[in-house]
Amino acid sequence: MAPSPRRSSRKDASALPSMSSTFWAIMILASLLIAYCSQLAAGTCEIVTLDRDSSQPRRTIARQTARCACKKGQIAGTTRARPACVDARIIKTKQWCEMLPCLEGEGCDLLINKSGWTCTQPGGRIKTTTE
């Protein structure tokens with residue numbers, strides 16, 4: 001005699017596919033939400049890390065890392081002492097003061113070798129930024 005095919009007598013056997021599809025739908029929605037929330041809007045930047053070293057007298061060395069989502073023709077730079085997307089031509093030609101890197105009321109001057117700029121405050125304090 002040939003063996004007869006067995007049928008499952010489990011009551012939850014038919015519920016498994018709907019549970020599985022619901023689970024995957026939730027997982028896909030959650031992953032899309034995470035991906036969407038971690039995206040920056042075009043033309044914006046955010047500071048990722050900021051380190052300060054005040055070990056030298058009268059001098060503070062600050063290093064920051066920024067993440068930018070710049071539009072076509074733009075590149076990460078600095079505007080008003082904050083990371084920003086600026087015209088790529090400014091960076092290529094090293095005309096740093098054209099991106100308005102200093103705060104309102106500060107004067108901007110290029111370093112002699114164009115490796116950065118200085119922002120001079122009205123009281124005479126100078127902040128130097130190098131690339």
Side-chain angles (χ1 to χ4, degrees):
M1 257 186 139
S4 64
R6 286 187 139 187
R7 292 197 176 195
S8 175
S9 62
R10 290 179 48 186
K11 294 178 182 178
D12 63 343
S14 62
L16 187 59
S18 67
M19 181 184 81
S20 179
S21 62
T22 303
F23 171 76
W24 286 113
I26 290 171
M27 290 302 291
I28 290 170
L29 288 173
S31 63
L32 288 173
L33 182 62
I34 290 168
Y36 177 76
C37 290
S38 67
Q39 296 290 323
L40 290 175
T44 62
C45 297
E46 69 179 0
I47 296 174
V48 178
T49 61
L50 177 61
D51 299 313
R52 292 185 188 271
D53 177 5
S54 298
S55 61
Q56 298 179 16
R58 297 175 39 104
R59 174 177 284 192
T60 298
I61 299 171
R63 292 178 183 88
Q64 75 178 21
T65 305
R67 183 173 76 127
C68 297
C70 298
K71 297 176 183 176
K72 188 175 181 177
Q74 292 184 325
I75 195 165
T78 304
T79 300
R80 299 285 179 231
R82 303 279 304 159
C85 293
V86 298
D87 187 345
R89 177 194 53 79
I90 293 170
I91 306 300
K92 289 177 185 172
T93 61
K94 297 187 177 189
Q95 296 300 313
W96 309 111
C97 290
E98 288 185 29
M99 63 184 175
L100 305 173
C102 302
L103 295 172
E104 191 77 34
E106 294 179 338
C108 181
D109 292 303
L110 287 176
L111 295 179
I112 294 172
N113 60 3
K114 291 189 174 182
S115 64
W117 65 91
T118 61
C119 295
T120 307
Q121 294 177 344
R125 183 174 175 211
I126 298 173
K127 295 184 290 183
T128 303
T129 304
T130 56
E131 58 175 335

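Residues I47 and R82 form a side-chain contact, since some pair of their non-hydrogen atoms from C-beta on lies under 4.5 Å apart. T129 has its side chain out of reach of W96: every pair of non-hydrogen atoms, C-beta onward, lies at least 4.5 Å apart.
By the SG-distance test at 2.5 Å, a disulfide connects C97 to C108.
For the atom pair E98 CD and L110 CG, the distance stands at 9.0 Å (nearest 0.5 Å). Rounding to the nearest 0.5 Å places CG of L100 at 6.5 Å from OG1 of T79. Atom CD1 of residue I75 and atom SG of residue C68 lie 9.5 Å apart, to the nearest 0.5 angstrom. A distance of 13.0 Å separates CH2 of W117 from CG of D109, quoted to the nearest 0.5 Å. Interatomic distance, R89 CZ to M99 CE, rounded to the nearest 0.5 Å: 12.0 Å. Atom SG of C85 is separated from atom CD of Q74 by 5.0 Å, given to the nearest 0.5 angstrom.
Of the possible polar contacts, none joining the R63 side chain to the R52 backbone as a donor-acceptor pair under 3.5 Å is found.
When all heavy atoms of T118 and C102 are compared, the closest pair comes out as O-SG, 4.0 Å. Between K114 and K94, the shortest heavy-atom contact is O-CD, 3.5 Å. Heavy atoms only, all atoms of each residue included: Q64 and L50 are closest at CB-CD1, 3.7 Å. When all heavy atoms of C70 and A76 are compared, the closest pair comes out as SG-N, 3.8 Å.
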